[in-house]
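To start, the structure under review is shown below, and the notes come after it.
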Amino acid sequence: MIISCPESRSAGWGAWDRGGMGVGIAKIRQVKVPVSDLVASTEWYRRLLDLVPVFEFFEDGAVRGVVLWEPEADLHVSLRDRRYCAGDLSGPEVVALKVESADALNTIIGRCQSLGFSHGDVQHRGPYGAALDVPDPDGTVLRFLYEPDTYPRGFAGLEFGPDGTPSAYREPRLPAPSG
């Protein structure tokens with residue numbers, strides 16, 4: 001949905017100028033935050049925002065990231081161990097935008113190509129849909145996600161192999177905080 005603001009039409013802002021539809025972004029899917037202490041930060045975010053853990057990322061022998069979810073707003077907050085993500089926010093994506101269809105990923109690729117922007121390949125993730133990474137000029141990655149109607153619900157841990165292929169696990173590996 002494009003919001004039409006008369007004062008924006010003259011500002012040269014893409015779809016507003018053309019009166020057309022955007023590339024199919026449905027909402028912000030996730031916000032990623034680098035943290036120094038993953039266990040303490042996980043507990044702080046859970047308590048402050050009533051979030052539920054739904055994903056973990058196990059890399060190099062330890063949990064390096066978690067995704068916390070607020071079901072009513074469908075808000076996802078991803079926390080990553082600061083030692084495993086760049087301080088300048090390049091590397092893992094800082095925001096994931098949910099798109100309405102798998103075809104929207106190809107629309108975004110086409111837009112990137114027509115504008116001379118870099119982009120990754122569509123990453124097909126089986127029941128978890130598909131993803132596309134697009135780095136901005138500073139290297140900060142924007143991720144676009146398509147989630148099919150059959151997207152799995154509940155907790156899932158994902159461990160990425162040397163070739164980047166994810167495998168799932170069902171029991172959380174992040175230790176509970178002491179005290």
Side-chain angles (χ1 to χ4, degrees), residues 25-100 104-105 108 118-148 150-179:
I25 295 172
K27 68 176 193 172
I28 293 175
R29 175 76 173 112
Q30 166 178 297
V31 176
K32 187 169 287 182
V33 181
V35 298
S36 300
D37 183 336
L38 188 59
V39 173
S41 294
T42 297
E43 188 63 16
W44 188 89
Y45 276 89
R46 287 183 68 194
R47 295 175 101 188
L48 178 67
L49 302 173
D50 294 327
L51 303 175
V52 177
V54 292
F55 280 95
E56 285 183 348
F57 300 96
F58 191 84
E59 300 165 330
D60 299 326
V63 175
R64 305 294 183 196
V66 298
V67 177
L68 306 171
W69 176 53
E70 199 291 317
E72 290 180 24
D74 196 26
L75 168 69
H76 291 77
V77 175
S78 175
L79 306 176
R80 291 286 289 183
D81 184 330
R82 184 177 297 281
R83 296 170 296 171
Y84 289 87
C85 60
D88 65 1
L89 298 181
S90 62
E93 78 284 352
V94 296
V95 65
L97 304 171
K98 183 177 179 180
V99 296
E100 297 171 345
L105 298 175
I108 294 165
S118 298
H119 63 83
D121 295 326
V122 173
Q123 306 160 29
H124 297 282
R125 298 183 167 185
Y128 294 98
L132 171 66
D133 290 346
V134 178
D136 77 3
D138 294 313
T140 301
V141 176
L142 304 179
R143 177 161 290 164
F144 297 87
L145 295 174
Y146 165 67
E147 296 175 350
T150 56
Y151 187 86
R153 301 294 178 218
F155 178 85
L158 299 176
E159 181 172 357
F160 293 89
D163 66 351
T165 303
S167 60
Y169 59 89
R170 298 314 251 164
E171 295 297 322
R173 296 179 183 174
L174 184 68
S178 59

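These values consider heavy atoms only, across backbone and side chains, with no hydrogens, waters or symmetry-generated copies.
Ring pair Phe58/Tyr169 is perpendicular by interplanar angle, where above 60° counts as perpendicular and below 30° as parallel.
For the pair His119 and Ile108, the minimum side-chain heavy-atom distance is 4.5 Å or more. Using a 4.5 Å heavy-atom cutoff, the side chains of Leu145 and Tyr128 are not in contact. Within the 4.5 Å cutoff, the side chain of Val35 has no heavy atoms near those of the Arg82 side chain. Using a 4.5 Å heavy-atom threshold, the side chains of Pro148 and Thr150 count as touching.
The shortest heavy-atom contact between Gly65 and Leu38 is N-CD2, 3.7 Å. Of all heavy-atom pairs spanning Val99 and Ala104, the tightest one is CB-CB, 3.8 Å. Contact record, Phe57 with Val66: CD1-N, 4.4 Å, taken as the closest heavy-atom pair. Taking every heavy atom of both residues into account, Ser118 and Val134 meet most closely at O-CG1, 3.5 Å.
In this structure, NE2 in His76 is found 7.0 Å from NZ in Lys27, a value given to the nearest 0.5 Å. Taken to the nearest 0.5 Å, the CG atom of Leu51 stands 11.0 Å off from the CD atom of Glu43. A distance of 5.0 Å separates CD of Glu159 from CZ of Arg173, quoted to the nearest 0.5 Å. The NZ atom of Lys98 sits 9.0 Å away from the OH atom of Tyr151 when rounded to the nearest 0.5 Å. Rounded to the nearest 0.5 angstrom, Trp69 CH2 and Leu75 CG are separated by 11.0 Å. For the atom pair CZ (Phe144) and CG (Leu105), the distance works out to 9.0 Å, reported to the nearest 0.5 Å.
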Determine whether Val122 and Tyr146 satisfy the following criterion, side chain to side chain contact (heavy atoms under 4.5 Å, CB included), listing intermediate values before the conclusion. CA-CA 10 Å; Val122 173; Tyr146 165 67; over 6 Å; no
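At least one donor-acceptor pair closer than 3.5 Å links the side chain of Arg170 to the backbone N or O of Phe155. Although no hydrogens or angles enter the test, the distance criterion places no donor-acceptor pair under 3.5 Å between the side chain of Arg64 and the main chain of Asp81.
By the 6.0 Å contact criterion, CG on Asp74 is enclosed, its count of non-hydrogen atoms from other residues, nucleotides or ligands being greater than 12.
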